[in-house]
2 protein chains.
Amino acid sequence: MAKNKYQLVYDELLETIRGGKLEAGEVLPSENVLSDLYGASRETIRKALNLLAQNGHIQKIKGKGSVVLDTQRMSFPVSGLVSFKELSQSFEAAAVTKVHQFALVKADDAIASQLTCGPNTEIWKIVRSREINGEKIILDKDYLDKRIVPYLSKEICENSIYEYLEGELGIKIGYAEKEITVEECTNEDRAYLDLRDFQHVVAVKSYVYLDDTTLFQYTESRHRLDKFRFVDFARRGQV
Amino acid sequence: MAKNKYQLVYDELLETIRGGKLEAGEVLPSENVLSDLYGASRETIRKALNLLAQNGHIQKIKGKGSVVLDTQRMSFPVSGLVSFKELSQSFEAAAVTKVHQFALVKADDAIASQLTCGPNTEIWKIVRSREINGEKIILDKDYLDKRIVPYLSKEICENSIYEYLEGELGIKIGYAEKEITVEECTNEDRAYLDLRDFQHVVAVKSYVYLDDTTLFQYTESRHRLDKFRFVDFARRGQV
DNA sequence: AAGTGGTCTAGACCACTAT
DNA sequence: TAGTGGTCTAGACCACTTA
């Protein structure tokens with residue numbers, strides 16, 4: 001559970017916002033009031049509020065207060081680091097994962113360059129398709145460094161790999177670099193996806209790092225054009 | 001100028017990283033050392049370091065220090081809020097902006113719903129194409145609320161609107177919501193862009209807000225498929 | 001054991017917004 | 001003028017890494 005005081009404040013405030021107890025446009029209690037309310041220093045309260053601001057839930061206005069933003073407008077953010085399982089829960093749609101390939105392979109040149117590891121490094125290779133409302137829409141190709149993930153199974157891949165890594169293995173994921181481009185369909189895309197007559201797919205390539213800056217995963221997620229949507233919340237300056 | 005102490009520290013540290021004085025993998029001086037160095041309290045130093053971490057320049061590791069990340073790997077980030085002009089400067093390519101439409105119009109229903117303003121509100125409508133290396137690749141359609149931007153000219157649009165808003169008018173942009181999807185080409189796309197025989201474009205829709213949560217701009221940026229690239233840096237937890 | 005970053009405090013002064 | 005958020009300080013204790 002949230003053992004840090006600022007995370008606790010963050011969670012509770014987010015809940016009151018999400019729960020609709022505060023409408024968009026209303027202001028949160030002032031920092032001093034919250035400070036008394038939670039028995040926390042003002043800086044600790046500010047830490048929680050700044051997190052809410054970063055994630056697009058409030059806007060802090062000098063002299064006024066912390067205004068609640070309309071978070072429904074764009075609905076859920078696909079931004080940041082979220083796994084497919086977390087995503088599909090927002091969908092509320094029937095999502096089915098099918099594992100097409102699951103193997104432990106030696107890194108060839110292509111993989112080695114993506115994971116910046118030596119050739120012959122042992123790598124888990126997983127190919128999965130994601131079916132939503134009866135159509136195979138997304139093709140996920142994952143490569144995981146076995147030195148970091150010693151064990152894996154087909155069953156885990158049918159569920160959520162992230163859930164396993166963070167929950168079971170206690171692996172702490174630090175950050176990721178993502179690139180979104182549009183590429184021509186490959187034969188692999190056509191084999192595993194319901195592509196209709198689209199000539200292109202949206203390719204999302206992710207490099208995932210541990211807390212200690214170790215690169216341990218490369219993922220290529222290929223989406224059918226018409227079903228792709230990416231939402232982002234961005235701030236101009238820094239918080 | 002950076003009048004805040006933590007911004008000054010941020011700028012200087014970023015410069016030493018960018019300038020190559022620190023290689024990827026090396027560690028910054030510890031927070032206590034930087035604290036002495038800059039004559040600032042440790043919390044102030046931490047504020048600067050957390051900004052560097054958020055923006056993907058360093059990774060802070062407990063017990064070790066602040067490790068410099070390889071920021072070249074993905075090259076420039078298109079993420080966050082950047083205008084086309086800032087972007088094209090990174091390109092180093094010949095970028096030409098052509099203004100196709102520049103007019104003050106009354107909001108019709110379509111625009112009014114995007115800008116959540118009443119009908120008949122006065123809106124600047126600008127349509128521009130962006131040419132890179134001799135090809136018209138991007139079509140930008142901007143709608144700006146005249147109540148916020150009282151004056152605008154074709155010349156300004158040929159340059160950077162953001163530069164004008166922030167520099168000349170002193171408008172403080174707070175945040176933006178962005179959505180990336182793929183759409184079928186319209187006749188407008190075909191008229192203004194060198195589309196070859198692509199059937200789709202990447203559509204980036206942005207809603208831009210002021211510091212005080214006023215929505216004042218809606219922009220639709222339409223990119224030719226093969227030239228689109230979006231790079232993102234994401235952290236799992238919060239900083 | 002020494003050094004690192006992570007959390008938290010109690011207080012200060014400032015700039016801005018409301019009235 | 002009173003209240004708000006923004007910056008900054010000096011100090012404390014903790015968890016973690018390294019030697």
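Keep in mind the model is a prediction, meaning the values are calculated, not measured. Computed over heavy atoms, backbone and side chain alike; hydrogens, waters and symmetry mates excluded.
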Nearest-angstrom distance from the residue atom [atom1] of [X] to [atom2] of [N]:
| X | N | atom1 | atom2 | answer |
| --- | --- | --- | --- | --- |
| Lys47(A) | dC8(D) | NZ | C1' | 16 Å |
| Leu51(B) | dG6(D) | CG | P | 14 Å |
| Ile45(A) | dG3(D) | CD1 | P | 19 Å |
| Asp36(B) | dG3(C) | CG | P | 13 Å |
| Tyr38(A) | dT9(C) | OH | C1' | 19 Å |
| Lys3(B) | dC8(D) | NZ | C1' | 15 Å |
| Asp211(A) | dT4(C) | CG | P | 19 Å |
| Leu34(A) | dT4(D) | CG | P | 10 Å |

> How are the rings of His223(A) and Phe228(A) set to each other: parallel, tilted or perpendicular (split at 30° and 60°)?
Replying inline: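 His223(A) and Phe228(A): perpendicular rings.
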> Angle class for the Trp124(A)/Phe102(A) ring planes (parallel below 30°, perpendicular above 60°, tilted otherwise)?
Replying inline: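 If you compare the ring of Trp124(A) with that of Phe102(A), the planes turn out parallel.
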> Hey, are Gln114(B) and Tyr207(B) close enough side-chain-wise for a donor-acceptor pair under 3.5 Å?
Replying inline: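 Yes, because at least one side-chain N or O of Tyr207(B) sits under 3.5 Å from a partner of the opposite role on Gln114(B).
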> Just checking, is any N or O donor in the side chain of Gln59(A) or Tyr209(B) under 3.5 Å from an acceptor N or O on the other one?
Replying inline: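 Gln59(A) vs Tyr209(B): no donor-acceptor pair found between side chains.
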>> So, taking the atom named CD1 in Ile156(B) and the one named CG in Leu169(B), what distance separates them when rounded to the nearest 0.5 Å?
In response: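 Atom-to-atom, Ile156(B):CD1 and Leu169(B):CG are 7.5 Å apart.
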>> Let me confirm one number: the OG1-CG distance from Thr44(B) to Leu34(B), rounded to the nearest 0.5 Å.
In response: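 The OG1 atom of Thr44(B) sits 12.0 Å away from the CG atom of Leu34(B).
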Between [options], which nucleotide gets closest to the side-chain atoms of [X]?
| X | options | result |
| --- | --- | --- |
| Ala40(B) | dT9(D), dT4(C), dG5(D) | dT9(D) |
| Arg46(B) | dT7(C), dT9(C), dA10(D) | dT7(C) |
| Lys60(A) | dG5(C), dG5(D), dC8(D) | dG5(D) |

> With respect to the phosphate group of dC8(C), does any side-chain polar atom (N or O) of Tyr6(A) fall under 4.0 Å of OP1 or OP2?
Replying inline: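 False: Tyr6(A) side-chain N/O out of range (4.0 Å or more) of dC8(C) OP1/OP2.
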> When you check the phosphate oxygens OP1 and OP2 of dT4(C), does a side-chain N or O of Ser30(B) lie under 4.0 Å from one of them?
Replying inline: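 It does, given that an N or O in the side chain of Ser30(B) lies less than 4.0 Å from OP1 or OP2 of dT4(C).
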> Any side-chain heavy-atom pair from Leu144(B) and Ile161(B) closer than 4.5 angstrom?
Replying inline: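 Of all side-chain heavy-atom pairs linking Ile161(B) with Leu144(B), at least one is under 4.5 Å.
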> How would nucleotides 11-19 of chain C be written as a contact map, 5' to 3', with B for base contact, S for sugar-phosphate-only contact and - for no contact, using protein heavy atoms under 4.0 Å?
Replying inline: -B--BBSS-
>> For Thr44(A) and Leu49(B), find the nucleotide of DNA chain C closest to each by heavy atoms; which residue's nucleotide sits nearer the 5' end?
In response: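 Between the two, 5'-proximity favours Leu49(B).
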